[in-house]
Amino acid sequence: MPVFVEDPAQFSKQRLKLELVANNVVLPDGESKKQVYLELYLKHVSTKGATDFSSDEEDQVQENGAEDPSVQEEEEDEAEEEEQEQESDEMDITQLTDDELKAQLLQCGVKAGPIVASTRVLYERKLRRLLDPATQPDQNGTDEADQYSDSEEDDEEEDKPDCEFEHPGPEPAVVAVTGSRRGQLGSRQVRMRSSDDENYYYPQCFIPSSRLRVKREATLGRTPTRDGEPHGKHKGGSDRPVAVSPYRSLEGSRVTPPFASISSSFSITQMVEEGSFCPFTPSDGLLTCDLRPLNLLESKSPHSSSRAAPESRSSRKPWDREQADVRRMDKCTMTSGSLLATPTGSLHKLQLKVPMTTDVLTEMFPDADRTPTGINATRRRPIKGAAGRPVQYKYPDAPLLSPATAERRALRQRLVPIWAQVLVFLGVAALLYLIYGAMEDSLGSPFAALIDNLSQGAELAEETPPLPELQDSAAHLLAEEY
Amino acid sequence: MSSTSQKHKDFVAEPMGEKPVMALAGIGEVLGKRLEEKGFDKAYVVLGQFLVLKKDEELFRDWLKDTCGANVKQQGDCYGCLREWCDSFL
């Protein structure tokens with residue numbers, strides 16, 4: 001704000017008072033709002049008048065008294081008269097005592113803190129906003145910013161000067177949002193939101209049925225209600241409130257009187273009603289969970305429509321539909337059985353799905369409260385050792401290990417079992433012996449050769465002396481012969 | 001708040017003591033001047049206002065805007081800084 005110093009609207013109350021006193025203006029008796037002083041100041045002191053209002057002042061003016069929020073362009077022209085309006089409008093609030101103001105705030109459901117000089121203005125403003133939220137434009141969009149941003153604004157917000165104008169656009173929505181924050185419209189808001197969720201949910205859920213629908217439209221010209229039904233679901237808008245109530249009643253996993261709250265336009269119930277009469281056992285229904293090829297369905301349906309009576313078709317058709325639905329539930333809703341979007345009162349379906357899913361989920365997450373949509377948006381939990389985990393959660397008392405493994409573990413408590421020690425000792429001893437034996441053999445052979453040589457040499461040396469004796473004897477013999 | 005400023009971290013890290021009002025996150029030189037002009041010269045005075053408003057974000061933002069003309073980001077910074085300080089030191 002470039003002209004901050006010159007801007008009287010930015011003056012503090014004290015400074016305004018001082019200025020007024022300095023300019024010999026009679027102050028209003030008692031403590032009154034800054035606006036009063038400011039107007040006095042503007043009237044008596046400032047020569048510039050209303051053309052130099054700051055943006056803050058404009059915001060306040062708008063918030064307090066403007067009847068038409070779309071007049072920001074002519075703000076400067078209308079500033080003065082708006083201030084007049086504001087003056088008359090806020091008089092009743094500004095003249096409340098602190099206690100009265102607090103009581104008023106309490107009536108509006110706001111627990112006020114201490115109302116002192118520095119906080120009174122804020123509480124007055126809050127009370128005014130609470131009293132007539134519809135006529136008052138929201139100040140500056142800050143409430144929405146509080147609501148939706150995590151208090152970190154965009155850069156453009158930062159770059160903007162302090163003056164931020166109010167958008168005159170979606171006023172009722174803003175009012176509803178702020179109201180819900182104060183707990184006034186909370187329940188309605190929640191309901192709207194949940195119905196929105198369901199609106200969001202239906203297209204997801206019924207997309208696969210489009211193939212069925214096409215086929216059915218082609219073959220079944222005669223049953224307009226059933227044909228029109230998937231369209232209605234896809235559009236989702238018109239019969240959405242109708243869809244809410246049976247869905248809600250199903251949500252507690254109790255079977256309601258099936259078609260009590262369902263209007264006649266909701267033709268899927270009719271279909272389901274017919275379907276509940278068809279010969280159909282839960283075990284069969286379980287079989288439908290595996291994916292039958294769709295051409296099988298298609299091949300079947302023309303038969304039934306072409307030659308069969310309406311009863312047979314009614315028994316066949318919802319059967320197909322239910323197969324499709326059960327399969328779909330398996331795919332897109334991993335959470336709970338309350339997501340059976342078709343408001344079926346048919347018992348077998350509930351028997352099929354609900355016990356299975358709710359059991360595990362409620363046991364695994366006992367403290368997760370159930371939402372009307374059945375979709376729990378919880379933080380994803382880290383799964384460590386995912387295989388054994390759910391069993392552990394489900395049966396915390398169950399022995400974790402089989403007796404054999406427990407025994408093994410107890411054995412493992414000793415560092416090395418005795419038989420293993422003995423075995424290892426024997427093994428090592430045998431190994432050493434083998435090594436010794438091998439060494440002995442391998443050592444023995446060269447030594448044996450050497451020893452043999454030596455012994456041969458010794459034998460030769462021993463044998464040589466007898467040779468002369470032999471020669472001697474031989475010579476003797478020869479000499480005797482000669 | 002995806003990331004907090006250095007100023008925020010500095011303020012939240014220790015007792016505020018006698019820090020000037022400009023040590024608050026979101027309160028720069030200009031806003032600090034305005035606050036000082038209105039008597040809020042120390043950070044603890046602003047803290048007092050913050051506390052007397054019962055830590056209500058909406059009211060505090062309103063007050064800050066009225067008092068010194070802080071924009072939304074500045075309001076948020078200051079509020080977050082004081083709230084966090086209170087969480088750790090009060």
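Just so you know, these numbers come straight off a predicted model, no measurement behind them. Just so it is clear: chains get the letters A, B, ... in the order the sequence lines come, proteins before strands, and each one is counted from 1.
- Expressed to the nearest 0.5 Å, how far CG of B:L64 lies from CG of A:L122 amounts to 10.5 Å.
- The two atoms that bring A:S118 and B:V52 nearest to each other are OG-CG1, 4.5 Å, heavy atoms only.
- Contact check on B:D66 versus A:R125 returns a salt bridge, with a Lys/Arg side-chain nitrogen under 4.0 Å from an Asp/Glu carboxylate oxygen.
- Atoms CD and NZ, on B:E58 and A:K126 in that order, are 4.5 Å from each other to the nearest 0.5 Å.
- Other residues, nucleotides and ligands contribute only 12 or fewer heavy atoms inside 6.0 Å of the NZ atom of B:K33.
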